[in-house]
Amino acid sequence: MELEKAAYLCITERGVKGFNLGAVAEQAGTAKGTIHHYFLNKEELFEGVVRYGNREFGQTAITLIKAARSPCDRVWSIISLYFDDKFFQPMISRAYVFALTIGIRYEGVLRIYNANHARIASQL
């Protein structure tokens, strides 16, 4: 999970073009070999980024929904979540689009986005 967080921070700070194993290792304060030990390739590492981002998003959603006092507040908390500064950033948006393109050919990422889509439909 710490490597996923480092990869997530790396992509939010450097963007998709700056996302590579060396940059993630530097962000995590470890060697590239450690990254290779836990992730076979860049796609698996990016899957970890997607998982981490979705976990963060989901945990924030749960916190906001639990704090809501009425059904109307719940709806507004979900809407505000999508525009929260923590998630609504150009680098994150670009990484999201990149993840969608990977998802077309990489089953692990596609599975995550299918689950995410089901969660969004459920929330709405």
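Along the sequence shown, residues are numbered consecutively beginning with 1.
Atoms CD1 and OG, from I62 and S77 in turn, are 11.5 Å apart once rounded to the nearest 0.5 Å. Here the CD1 atom belonging to I11 is positioned 13.0 Å from the NZ atom belonging to K17, to the nearest 0.5 angstrom. Summarising the geometry, atom CG belonging to N41 is positioned 13.0 Å from atom CD1 belonging to I35; distances are rounded to the nearest 0.5 Å. Distance check, rounded to the nearest 0.5 Å: CZ of R74 to NZ of K66 gives 12.0 Å. From L45, atom CG reaches atom CG of L40 across 11.0 Å, with rounding to the nearest 0.5 Å. Considering CG of D84 and CD1 of I79, their distance stands at 14.0 Å, rounded to 0.5 Å.
Residue E47 is tested with R111, E4, K42 for a side chain to side chain contact (heavy atoms under 4.5 Å, CB included); the sole match is R111.
I92 and K86 make their closest contact through CD1-O, 3.4 Å (heavy atoms, listed as atom of the first residue, atom of the second, distance). Among all heavy-atom pairs drawn from V24 and A6, the shortest one is O-CB, 4.2 Å.
Linking ILVMFWY residues whenever their side-chain heavy atoms come closer than 4.5 Å, directly or via other members, leaves M91 and Y52 in distinct clusters.
For an aromatic pair to be called close, the ring centres must be under 6.0 Å apart, and Y82 with F87 fails this.
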Derivation of the side chain to side chain contact (heavy atoms under 4.5 Å, CB included) call for I78 and L64: CA-CA 7 Å; I78 292 168; L64 291 173; over 6 Å; no

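Not one N or O on the side chain of Q27 forms a donor-acceptor pair closer than 3.5 Å with the backbone of A23. Between the T12 side chain and the Y8 main chain, a donor and an acceptor come within less than 3.5 Å of each other. Remark: side-chain polar atoms of T34 are not paired, donor with acceptor, to backbone N or O of T30 under 3.5 angstrom.
Using a cut-off of 4.0 Å between Lys/Arg side-chain N and Asp/Glu carboxylate O, E26 and R14 are scored as salt-bridged.
In this structure, F19 and F46 have perpendicular ring planes: the angle between them is above 60°, well past the 30° mark.
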